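Below you'll find the structure, written out as structure tokens, and then a few comments.
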2 protein chains.
Amino acid sequence: MAGLPQIAQPTRPDRIPPGTRDPSELLIFPVDDNAVTDRVHACYTCATFRTMLPAQRHPTMADVAERAGVSVSTVSRTLRGLSTVSDEARAKVEAAARELSFVISRQASSLVTGKTGTVAVLAPTLGSWFVGQVLRGLSEVLRDAGLDLKVYSVADLAERAAFFDQLPARRNADALLVISFDLTEEEFARLDGLGVPVVYVSQHAPGRASVYVEDVAAARGGTRYLRGLGHRRIAFVRAAPDSGFTCSSRTRLFGYREALAEAALPYDEDLVVATSRGRRATAEAVGQLLCLADPPTAVFAETDEIAIEVLSVLRSSGIAVPDRLSVLGFDDHDHAEWLDLTTIAQPAVEVGRASGTLAHTLIDDPTADATRHVVLPTHLIPRGTTGPVPQSAPEPKRESESAQP
Amino acid sequence: MAGLPQIAQPTRPDRIPPGTRDPSELLIFPVDDNAVTDRVHACYTCATFRTMLPAQRHPTMADVAERAGVSVSTVSRTLRGLSTVSDEARAKVEAAARELSFVISRQASSLVTGKTGTVAVLAPTLGSWFVGQVLRGLSEVLRDAGLDLKVYSVADLAERAAFFDQLPARRNADALLVISFDLTEEEFARLDGLGVPVVYVSQHAPGRASVYVEDVAAARGGTRYLRGLGHRRIAFVRAAPDSGFTCSSRTRLFGYREALAEAALPYDEDLVVATSRGRRATAEAVGQLLCLADPPTAVFAETDEIAIEVLSVLRSSGIAVPDRLSVLGFDDHDHAEWLDLTTIAQPAVEVGRASGTLAHTLIDDPTADATRHVVLPTHLIPRGTTGPVPQSAPEPKRESESAQP
DNA sequence: GTGAAAGCGCTAACAT
DNA sequence: ATGTTAGCGCTTTCAC
């Protein structure tokens, strides 16, 4: 692991305002505006505020018991809310615990109960909108259930392999939630043998507990909606498949194809393009579509984040939305409303909540149906980026061709 | 806690394709497109895929020792990488551990070492862009350090109070990271007595370990930049202060005021407006600014997310950016580039990395400087939403006043 | 209703 | 270099 950067020797200012707390005065380090390098500073004015506290031992149940004048067993029973404790003893224990700021050690109790009081979640990244929303719902439910939340993320294939090889969650969580992973059979098998319940989030895992929205039906509905506006040439922009982390591409593309088939529209592979993160890739993908002999009049993006990139590219190219090209997203990202993006909303927070609830159920009740599926609804939100197909499909106008009058 | 929703009785389709794995065929539940209610489904085709595995006991070190024909101590030493193990014994232990898929129980080892191998983080929400980026950097560093990451989030003031009352992280983590909280003195005091190192992230905590970007200098620089474009009436749009969760409003506003003062520009309270999440609040805030007798020619938004809302409102009002109004953000959110938003970039992922590194240092070395500050740089990225001040500050044009020629 | 004692799985000190 | 032993802080019998 990389160590901390070296401590830079701060140029001592002429006068150090003693004991000041105003943030503007505290920030007296020689930090250039717009500097390019990072550094570590000793904080002059801060150092006086606090002398190091001696590392103190956390109080244990024995401490509480002694103070309350009861046995450790009684403390344990009281704190777990068992009814076999007299009111008198309970009061004494609660008072003692409060006075000592006693907090139970999950490590110790888990050793004997076999429960860790923790739920682990595995996600491809912690930085995406969807994962963030799922975690929000999840943490809310787990907090109410008295469970802690541990997160594992794997950034690339090597880390992914390492995770499935070692399964660090194995003995250190009561359940594992896997968010939005396109798993191989081997990985499924590995998790099947994990020894704790596994809940698959945002994906349909055959024969295993899953929570997801009906991507296929939603994408079918979205494509039908575009068809209803008169569009016949509908493009699909998907995330780059190389990451291997998302399974929504597959399902949403499937729904798209179904809706085309319903209307006897051909599935044209030229209309399906992939983009990876970053504006360049999206610009290329969009360019590819617009250069087709028979270009699309509508674009269905796999996620709102992709749709927003597409909008951005279209705007800077001067292509009118929705007059010349309609754009449909998926997610109802916060920014979708602000950008007036038509999208298929999915209840991401609710997906998190349902996952947490399901995990909690499976933990508490080992006889619960471990193959239960929770399917959450989606709904289309028509906004301003979609409109009727242009009356006469115009030849794709290229700048070099259009002469000024 | 709310229970799981009732299992809906699925209408059995005419034919259940047996053993199929194609996702489209699996999704045979009566899920209406765009349905409004959620439900739980039993998955017909899935149930056949897997018979419940009996709950199996996790192998312990004793199991590994027995299989390897050595003592438990040797297993422990081997797995911890101590050098006092013969190659022969090491090989046998590693083989046995692998065969049994042994995973060490942190619970048990932490009981004796006093270390949990876990770092806890407290965040106001898990759904914001900044927190997500910080968590990305953090998890990367912690993974390399062999530490697990536990997250606590508090959604409202009641939960916040409960957290500081109980301090659930107390005995269950080796360090606590507090992200972007505006803490009271009482809360600081409570954390000072936590018994484990605390790192304050995205905030300057006097006398305590902190990692942050220099908000004051950055905001000063951003405001100077707008001044350099000729702007004299510069508005500041901040997040609603009622949440009490962010401390960036205070510091960034301070830098803004400093830059005004440098140029002897007056600080006009009418130019500082607050907005909460949601487009309506932003629309009102922007409206307030545009209705001023002497309206601003530039807007500095506390975050990119706010700036994007502002842009959206301006666009739908037909107010040209930057011709009539310049907009400056803060963060360099992913969407900022797509939207061509001028912004002050902060290295959010790097903030997470540095926090994790600092926490790791403080855990491993109790004598390390617990008041160390890491200050990371910011830089301004000029893009298309900022431009020179309009030549002659025009009277604010109101639709009712402008007559058609 | 309460306490004493055993032991969860591991590490650390000691003995060999 | 390896095995033996004594706990870490808690829960859980089992007596009382």
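Numbers restart at 1 for each chain; the letters A, B, ... are given by sequence-line order, proteins then strands. Note that the coordinates shown come from a computational prediction; the quantities given were computed from them, not determined experimentally.
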Identify all pairs in which a protein N or O lies below 3.5 Å from an N or O of nucleotides 14-16 of chain C, and state each distance.
none

Provide, to the nearest angstrom, the distance between the [atom1] atom belonging to [X] and the [atom2] atom belonging to [N].
{"X": "B/E88", "N": "D/dT2", "atom1": "CD", "atom2": "P", "answer": "7 Å"}
{"X": "B/N172", "N": "D/dC10", "atom1": "CG", "atom2": "C1'", "answer": "13 Å"}
{"X": "A/K92", "N": "C/dG1", "atom1": "NZ", "atom2": "P", "answer": "15 Å"}
{"X": "B/L79", "N": "C/dA12", "atom1": "CG", "atom2": "C1'", "answer": "16 Å"}

- Specify the closest pair of heavy atoms between A/D369 and A/L362, including all atoms of both residues, with the distance to one decimal. O-CD2, 3.8 Å
- B/K115 and B/S110 have their tightest heavy-atom pair at O-CB, 2.7 Å
- Task: Give one of base, sugar-phosphate or nothing for A/S73, where a contact means two heavy atoms less than 4.0 Å apart.
- Result: base
- Item | A/Y212 and A/H373 aromatic centres sub-6.0 Å | yes
- Taking atom types as modelled, find out whether A/S139 and B/S153 have a side-chain donor-acceptor pair closer than 3.5 angstrom. yes
- Item | Between B/N172 and B/T116, a side-chain donor and acceptor under 3.5 Å | no
- Mark yes or no: B/R208 above the aromatic ring of B/F188, with NZ or CZ under 6.0 Å from the six-membered ring centre and no more than 45 degrees from the axis. yes
- To the side chain of B/S71, which of D/dG3, D/dT11, D/dT2 is closest? D/dG3
- Of B/R90, B/R98, B/K92, which meets salt bridge (charged side-chain N to carboxylate O under 4.0 Å, His left out) against B/E94? B/R90
- Query: A/Q203 side chain to A/Y200 main-chain N or O, any donor-acceptor pair under 3.5 Å?
  - Reply: no
Which atom pairs link the protein and nucleotides 7-10 of chain C when you take only N or O atoms and keep those under 3.5 Å?
from: C/dG9; atom 1: N2; to: B/A108; atom 2: O; distance (Å): 3.2
from: C/dC10; atom 1: OP1; to: A/R171; atom 2: NH1; distance (Å): 2.9
from: C/dC10; atom 1: OP2; to: B/M61; atom 2: N; distance (Å): 2.5

- Using a cut-off of strictly less than 4.0 Å, decide whether A/S110 has a side-chain nitrogen or oxygen near OP1 or OP2 of D/dC10. no
